[in-house]
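Okay, structure first, notes after.
Note that the numbering runs from 1 along the sequence shown for the chain.
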Amino acid sequence: MPSHSASLACLLLVLSLSCAKEDMAVMSKNPLPDCESQWNCARMSMDLTIGAHEAAQLVVDVIRDMKGNITKADAMSGDAVFRIPIFGYRDDLRFVTEPKPDGGCVLHLWSKSRQGRFDIGVNAHRLRRLTRLLGYELTEKHGTS
């Protein structure tokens, strides 16, 4: 059972993600590709209180925990492929961390299906799950998100 501090951190993460559209004006522009179709693609950005290099490594670790295959990673960005069980479709995921002057960073995420025009929300769900798992990791390591 999660502790009260972990539950509070998760609640704050959910609230910050639900306000992401209003906060986008404050954050830098997402440098990842636009989603031409909202039916098979998802994109989001979020503020983090850790540095860009640490955030990138943490995202790589979370992607691996989610059974994603890292195809490229460097100090501040990466690409991964997720294979959908049963049908074997492949979805691409990209991330970029952007340093901020205060020592934190902005994490930009993008996930898109390679095939088809409709993904029944799989890519958006993947990004929400990644940010939730990232929030748990940050709470464990730093006591913050």
Side-chain angles (χ1 to χ4, degrees), residues 2 6-142 144-145:
S7 297
L8 179 60
C10 290
L11 177 62
L12 292 174
L13 180 64
V14 168
L15 289 174
S16 68
L17 292 176
S18 66
C19 299
K21 288 186 179 174
E22 292 86 20
D23 294 342
M24 285 302 290
V26 175
M27 288 191 242
S28 61
K29 182 171 170 20
N30 189 326
L32 297 173
D34 285 330
C35 290
E36 308 86 41
S37 166
Q38 296 299 321
W39 301 106
N40 71 345
C41 180
R43 185 175 165 217
M44 67 179 355
S45 297
M46 64 185 293
D47 268 324
L48 296 174
T49 57
I50 60 174
H53 295 259
E54 184 180 0
Q57 183 56 55
L58 199 54
V59 171
V60 166
D61 293 343
V62 169
I63 289 171
R64 285 187 176 130
D65 289 345
M66 294 172 61
K67 308 297 185 225
N69 179 32
I70 301 294
T71 58
K72 177 187 134 196
D74 60 34
M76 295 183 14
S77 65
D79 294 341
V81 176
F82 285 84
R83 186 181 156 124
I84 305 302
I86 301 172
F87 299 110
Y89 297 129
R90 297 182 196 285
D91 293 347
D92 294 308
L93 184 140
R94 290 185 184 162
F95 72 89
V96 174
T97 58
E98 183 180 345
K100 292 179 9 181
D102 66 3
C105 71
V106 178
L107 171 63
H108 303 286
L109 298 164
W110 174 88
S111 185
K112 183 177 180 186
S113 301
R114 286 186 184 178
Q115 298 172 314
R117 294 184 180 169
F118 187 68
D119 71 354
I120 58 173
V122 170
N123 288 292
H125 175 75
R126 179 178 298 116
L127 294 187
R128 286 191 304 270
R129 182 173 176 232
L130 190 149
T131 57
R132 185 177 65 246
L133 293 172
L134 187 61
Y136 291 143
E137 290 294 322
L138 288 170
T139 300
E140 273 187 32
K141 290 184 179 192
H142 300 280
T144 184
S145 60

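- Atom CZ of Arg129 is separated from atom CG of Leu133 by 5.5 Å, given to the nearest 0.5 angstrom.
- A pairwise comparison of heavy atoms in Ala52 and Thr97 identifies O-OG1, 3.0 Å as the closest pair.
- Note: Leu127 CG to Leu93 CG = 6.0 Å, rounded to the nearest 0.5 Å.
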Show your working on side-chain contact (heavy atoms from CB on, under 4.5 Å) between Phe95 and Leu130 and close with a plain yes or no. CA-CA 11 Å; Phe95 72 89; Leu130 190 149; over 6 Å; no
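- Within the model, atoms NZ of Lys112 and CG of Asp92 stand 9.0 Å from one another, a figure rounded to the nearest 0.5 Å.
- Distance check: Asp91 CG to Arg83 CZ gives 12.0 Å after rounding to the nearest 0.5 Å.
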Any chance you could lay out the side-chain contact (heavy atoms from CB on, under 4.5 Å) test for Met44 and Thr131, step after step, and finish with the verdict? CA-CA 10 Å; Met44 67 179 355; Thr131 57; 3.7 Å; yes
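- Counting all heavy atoms, side chain and backbone alike, Thr71 lies closest to Ala80 at OG1-N, 4.0 Å.
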Go through the steps for Leu48 and Cys105 under the test side-chain contact (heavy atoms from CB on, under 4.5 Å), then give the verdict. CA-CA 5 Å; Leu48 296 174; Cys105 71; 4.0 Å; yes
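- Looking at Arg43, its side chain does come within 3.5 Å of a backbone N or O of Asn30 through a donor-acceptor pair.
- Inter-residue side-chain proximity for Ile50 and Lys141 is flagged as unmet; no heavy-atom pair is nearer than 4.5 Å.
- The shortest heavy-atom contact between Arg126 and Phe82 is NE-CG, 3.4 Å.
- Atom OG1 in Thr49 sits 6.5 Å away from atom CG in Leu138 (nearest 0.5 Å).
- The minimum heavy-atom distance between Ile70 and Ala73, with the atom names listed, is CG2-CB, 3.9 Å.
- At a threshold of 4.5 Å between non-hydrogen side-chain atoms, the residues Trp110 and Cys35 count as touching.
- Scanning all heavy atoms of the two residues, the minimum distance from Met76 to Ala56 falls at CA-CB, 3.9 Å.
- Here CG of Asn123 is found 10.5 Å from CZ of Arg128. Values are rounded to the nearest 0.5 Å.
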